[in-house]
Amino acid sequence: MDFRELVYGQKPFEGVFVFDVHGHIGFEQGSQLGPNDGESMVHTMDRMGVDGICVSFSPGIRGAWKRGNDQTKDTCKRLPGRVFGYAVPNPFHAECDLTPYFEEDLGFRGVKIHGNIQGETPENDPRYAHAFELANRLKLPVLFHAWMPYEVDRAADVASRYPDLNVIIGHGGLTFARDRAVAACKRYDNVFCDTAISSAPDGSIEWLVDKVGVEKVLYGSDMSFFDCIHTLGKLALAKLSDTDKEKILGLNAKKIFDL
Amino acid sequence: MRFIDARCQLGRRCVIRENEPVTKAEILELMDRCRIERAVAYHAIAKEGDVKAGNMELLKDTEGDSRFLRQWVALPHTFGEFMSVEELLKGMKENSVSSIRMFPKTHGYSLKPYALGKFMDAMAEHKIPVFMTYNELASEDALYAMLTDYPKVNFIISDVSYREERKLFPILEHCPNFHIGTGNYVVHGGVKTMCEYFGAERMIFDTGLPTGSAAAAVSLICFAEISEEEKTLIASGNLERMLSEVEL
């Protein structure tokens, strides 16, 4: 597989397993987005040769945690094997219990923590403990929105206290928090970084691979905020071996998402 | 498809993170890897230090190099701090400089006609396109005011993020002299949406090199769900047409 030729030839990434660990569906209050329903995202994934994506429902990160998680469940049901779900807890709603989303296979594969838009709740706050305990018991990945150094440090703290879950530092590896993310990846076997950041220059994914090792880097796009093409292209044209690109694009995720 | 980058900075900048391209050779390697034929380039010193000195550095750095299309950074004349409009136009002609970049926020000046009217009249008369990043403008209302104050000047506004459509689409609807640089416009399906609503003529390919990703910028156009004709316009056609119309 010559990934560069895929871009030059405008061809989909067929023949390689591609799994996007960082997706969003649904309306976003602060801005108009592009197409953000599951079907529209799968349409783009089909065009690009992306096999699957794990998403959280954006309005569910805010007030409507149950409605949001139910919307994710419905999307996973409509698009089985293509769209998987992160269940999202709410630290202010005491009745919030994510267990039902994992009692049978409804498509959920992990938990998403987004403390900064949930009242600046620290990512390792005790009010998220039930979600961490659930993830630890089921050996699930937990995706953290983490692009500030303190957010990365708190995610690393969760990794240290719950060794059977896998922490994914969303965005963190490639922004001003990247040194902290590198430290966390090196210190804890259960910490990974995803590639979902728009403003990182060429060379940043290579930098991350050099610092933490390719096994710790996961392809994430932030679709539908961003187009998945953005990071796919950056990876395809990166100065990495094709073997490394295949690991980042999906083989690493396969292990920790039970795919 | 031919790509011509409308936003590239040459020269050593203040903040350099490990593994970011710095030298002209490193930028050219990236352009080659991403199959970008040429780039409109200004100089880091013209943004971060001394505008006049930076513009002169650009001439030295691009001497005899056809890969870069020269762009000068401009300031208001303001009591002799910068070249007069006449001197600027003469200098541009003598040195094959075909466009202007402005940093009103970084360099601290007003875009209103009382401060820039004469300058913008010259840009309109000579059909010189004016480039800015969106964060150099105070707000979407400031952008709208500039576009309507100078309706005959073609503006290329780049580094527009995925969160700006609600603000910028109404301005695109009302201001035909408003063009978007595609480099950081990464919203899902955004290129297609913009083509459908406003036409491919309103988009200009750029990368923001060396701190933007050329690979991502090229891929967003290559894989956009639009026609080859539209891709060609965005990748190089619109910019080439705009620059070919410059009269110096």
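In what follows, every chain begins at residue 1, and chains take the letters A, B, ... in the order their sequences are listed. Small disclaimer: the values here were computed from a predicted structure and weren't measured.
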Notebook entry, point to check: How far apart are the C-alpha atoms of Leu237(A) and Ser219(B), what are their side-chain angles, what is the distance that settles it, and do they pass the side chain to side chain contact (heavy atoms under 4.5 Å, CB included) test?
Noted result: CA-CA 9 Å; Leu237(A) 293 171; Ser219(B) 302; 4.3 Å; yes
Next item on the list: Under 4.5 Å heavy-atom distance to chain B, tell me which part of Lys11(A) shows up: side chain, backbone, both or neither.
Entry: backbone
Notebook entry, point to check: How long is the span from the CG atom in Asp202(A) to the CG atom in Leu209(B), to the nearest 0.5 Å?
Noted result: 6.5 Å
Note to self: Using a 3.5 Å distance criterion without hydrogens, assess whether the side chain of Asp227(A) forms a donor-acceptor pair with backbone atoms of Val186(B).
What the structure shows: no
Notebook entry, point to check: So how far is it from Ile205(A) CD1 to Ser213(B) OG, rounded to the nearest 0.5 Å?
Noted result: 8.0 Å
Check: With chain A, which of Asp159(B), Val191(B), Leu220(B), Thr207(B) has the greatest number of heavy-atom pairs at distances under 4.5 Å?
Finding: Leu220(B)
Checklist line | Side chain / backbone / both / neither for Ala224(B) at chain A, heavy atoms under 4.5 Å | finding: backbone
Note to self: Run the side chain to side chain contact (heavy atoms under 4.5 Å, CB included) test on Glu20(B) and Trp207(A) for me, step by step, so that the C-alpha distance in whole Å, both residues' side-chain angles and the decisive distance to 0.1 Å come before the verdict.
What the structure shows: CA-CA 9 Å; Glu20(B) 287 179 352; Trp207(A) 180 89; over 6 Å; no
Next item on the list: Select, from Glu164(B), Lys167(B), Arg163(B), Lys192(B), the one with the greatest count of heavy-atom pairs under 4.5 Å involving chain A.
Entry: Arg163(B)
Below 3.5 Å, can you tabulate the donor-acceptor pairs from side chains in residues 211-223 of chain A to any protein atom, sequence neighbours excluded?
from      : atom 1 : to        : atom 2 : distance (Å)
Lys211(A) : NZ     : Glu18(B)  : OE2    : 3.2
Glu215(A) : OE2    : Lys247(A) : NZ     : 3.0
Lys216(A) : NZ     : Cys185(A) : O      : 3.2
Lys216(A) : NZ     : Tyr188(A) : O      : 2.7
Lys216(A) : NZ     : Asp189(A) : O      : 2.9
Lys216(A) : NZ     : Val191(A) : O      : 2.8
Tyr219(A) : OH     : Cys228(A) : O      : 3.2
Ser221(A) : OG     : Asp20(A)  : OD2    : 2.4
Ser221(A) : OG     : Met223(A) : N      : 2.9
Asp222(A) : OD1    : His22(A)  : NE2    : 3.3
Asp222(A) : OD1    : His24(A)  : NE2    : 2.9

Next item on the list: Between chain B and each of Ala236(A), Gly203(A), Pro35(A), count heavy-atom pairs under 4.5 Å; write down the option with the most.
Entry: Pro35(A)
Margin query: For the residue pair His188(B) / Thr44(A), report whether a side-chain donor-acceptor contact shorter than 3.5 Å exists.
Written below: yes
Notebook entry, point to check: Who in residues 23-37 of chain B is close to chain A, using a strict under-4.5 Å heavy-atom cut-off?
Noted result: Glu29(B), Leu30(B), Arg33(B), Cys34(B), Arg35(B)
Notebook entry, point to check: CZ/Phe223(B) to CD/Gln10(A) distance, rounded to the nearest 0.5 angstrom?
Noted result: 7.0 Å
